[in-house]
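Heads up: the structure comes next, in structure tokens.
All figures in this text were calculated on a predicted structure; none of them were measured in a lab. Every number for a ligand or one of its atoms is a count from 1 in the order of the listing. Numbering starts at 1 and runs along the sequence shown.
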Amino acid sequence: MSTITPVGERFHAELTELSTLVDSDRPGWTRRALSEVDIAGRDYARRLMKQAGLATRVDGAGNVIGVLPGRVGGREIMLGSHTDTVDGGGRFDGITGVLGAIEVVRLLQENNVGLDHDLVIVVFFNEEPNDFGFFCVGSRAMTGIVDRTTLATTDLAGRSLAETLPDSGIDPEAFLDARYDFSKVTAFLELHIEQGPELERMGKQIGVVETITGINHFKALFTGRQDHAGTTPMDVRADAGCAAAGTVLAVESIAESGTNTRGTSGHIQFTPEAVNVVSANASVEGEFRGPDGSWLNEAQRRLTDAADDQGAKRGVRVEMEWTTDDAPVPLHEPITSTIAEVADDLGQTRATMFSGAGHDAGIIAAETQVGMIFVPSHDGRSHCPEEFTELDDILPGIEVLLESVLRIDAAPRSGAPSR
Ligand code: HGY
Ligand code: MN
Ligand code: MN
């Protein structure tokens with residue numbers, strides 16, 4: 001077993017530098033995809049990859065890909081995560097896994113440890129939800145599940161994704177053609193902060209992810225009639241805002257009806273926005289999550305019906321669109337058990353976990369064997385400026401990532417990895 005330990009100061013300095021590349025007009029540690037600062041973030045990661053000796057390129061979908069050639073070649077082990085954040089997000093979501101993967105490359109080289117496999121590091125483009133209703137955009141493009149309908153989707157200003165991608169240096173045609181050949185990938189591993197409270201509560205160092213949540217996103221548009229707020233009697237209004245608000249409450253009550261299920265409305269807008277005008281239009285965007293695919297399907301149906309009811313009783317037209325429909329993803333047993341054995345052998349405490357957060361790993365799992373390594377989040381906080389993980393809590397995750405790569409590399413091709 002390897003006794004190589006990560007260089008904490010180096011990792012910490014890079015995490016500080018990358019996390020402070022932020023949009024100064026936004027709260028928290030904001031580096032949203034499709035923004036200039038997101039380009040700077042991916043460029044920074046690419047510079048580090050080059051310094052670590054990787055041959056780098058950017059694929060047609062904006063994913064930064066670095067390769068450390070192996071002794072044998074032909075087969076790959078892939079590591080990766082993302083550098084974009086939510087608006088007002090934190091410093092650790094995504095970049096912990098990117099910088100952790102680059103640290104693994106450097107540790108292998110500094111300790112003259114060669115792999116048979118090529119080691120491929122990916123900084124996935126646009127993992128967090130964008131204004132077009134999509135998330136995990138780069139990993140979806142790599143797995144070939146984007147199409148012209150994806151490109152035609154519009155934001156609330158009416159601009160299409162196809163019109164917007166070139167601002168980030170992405171050609172829409174190349175975006176459609178960014179499919180990666182996963183037949184040569186033995187496994188994909190993603191290190192990530194937990195983003196919830198379980199590891200800290202249990203006093204465990206490492207989370208071994210068994211399943212990643214299913215996520216269904218929706219956009220609902222409500223079209224009513226604009227009228228005077230003082231002279232229009234309540235019974236003749238077609239108030240789009242009220243239909244939208246009723247839909248928000250339906251999301252909450254449907255989510256409360258399941259086990260470990262979640263429902264969130266993250267956006268609501270009335271048009272016009274004026275206290276003395278009945279809303280002509282309104283929009284709501286939100287999502288359901290949960291570990292059970294059939295519950296998610298049922299939640300979709302119930303919310304579509306609830307929004308229709310909200311509209312029908314007010315004479316408001318409702319258009320409901322489900323923009324993503326991702327089923328829960330079980331991760332792959334040979335990889336998850338390798339991660340668990342590695343943690344045990346390194347003397348680290350660990351727990352098996354469900355991920356309520358979505359990850360590029362969940363998309364890549366359709367193509368190759370996938371495992372995820374979680375490290376604790378202080379107070380379980382994430383997607384907020386207070387998101388925090390101690391350096392001493394991250395380093396064990398990098399050690400597990402490194403040793404898992406070594407075991408997968410050394411495993412017989414047809415069997416479960418072991419060493
Ligand atoms: O939204 C999510 O679950 C992830 O953090 N992108
Ligand atoms: Mn996130
Ligand atoms: Mn993330």
Run the salt bridge (charged side-chain N to carboxylate O under 4.0 Å, His left out) check on Arg350 and Asp344 step by step: do they pass?
-> CA-CA 8 Å; Arg350 51 106 178 163; Asp344 291 346; 2.8 Å; yes
Mind running salt bridge (charged side-chain N to carboxylate O under 4.0 Å, His left out) on Lys184 and Glu76 for me, showing each step along the way?
-> CA-CA 6 Å; Lys184 59 190 176 184; Glu76 298 176 353; 3.5 Å; yes
Is there a donor in the side chain of Arg302 and an acceptor in the side chain of Ser257, or the other way round, less than 3.5 Å apart?
-> yes
Side-chain heavy atoms of Ile215 within contact of Phe135, under 4.5 Å | yes
Metal proximity, His383 vs the Mn ion (ligand 2), N/O/S cut-off 2.8 Å | yes
Contact check: His82 to the Mn ion (ligand 3), N/O/S below 2.8 Å = yes
Which N, O or S atom of Glu128 lies nearest to the Mn ion (ligand 2), by name = OE2
Short check: any N/O/S atom of Asp93 below 2.8 Å from the Mn ion (ligand 2)?
-> yes
Using a strict 4.0 Å threshold on nitrogen-to-oxygen distance, state whether Arg301 and Asp305 make a salt bridge.
-> yes
Heavy-atom donor-acceptor pair, Thr213 side chain to Gly290 backbone, under 3.5 Å = yes
List the steps and the verdict of salt bridge (charged side-chain N to carboxylate O under 4.0 Å, His left out) for Glu403 and Arg407.
-> CA-CA 6 Å; Glu403 183 62 26; Arg407 291 195 191 184; 3.1 Å; yes
Taking atom types as modelled and ignoring hydrogens, do the side chains of Asp360 and His82 form a donor-acceptor contact shorter than 3.5 angstrom?
-> no
Could you list each N/O atom of ligand 1 together with any protein N/O atom closer than 3.5 Å, one pair per line with the distance?
{"unit_1": "ligand 1", "atom_1": "1 (O)", "unit_2": "Arg289", "atom_2": "NH2", "d": "2.9"}
{"unit_1": "ligand 1", "atom_1": "3 (O)", "unit_2": "Arg289", "atom_2": "NH1", "d": "2.7"}
{"unit_1": "ligand 1", "atom_1": "3 (O)", "unit_2": "Arg289", "atom_2": "NH2", "d": "3.2"}
{"unit_1": "ligand 1", "atom_1": "3 (O)", "unit_2": "Gly358", "atom_2": "N", "d": "2.7"}
{"unit_1": "ligand 1", "atom_1": "5 (O)", "unit_2": "His383", "atom_2": "NE2", "d": "3.0"}
{"unit_1": "ligand 1", "atom_1": "6 (N)", "unit_2": "Glu127", "atom_2": "OE1", "d": "2.9"}
{"unit_1": "ligand 1", "atom_1": "6 (N)", "unit_2": "Glu127", "atom_2": "OE2", "d": "3.1"}
{"unit_1": "ligand 1", "atom_1": "6 (N)", "unit_2": "Glu128", "atom_2": "OE1", "d": "2.8"}

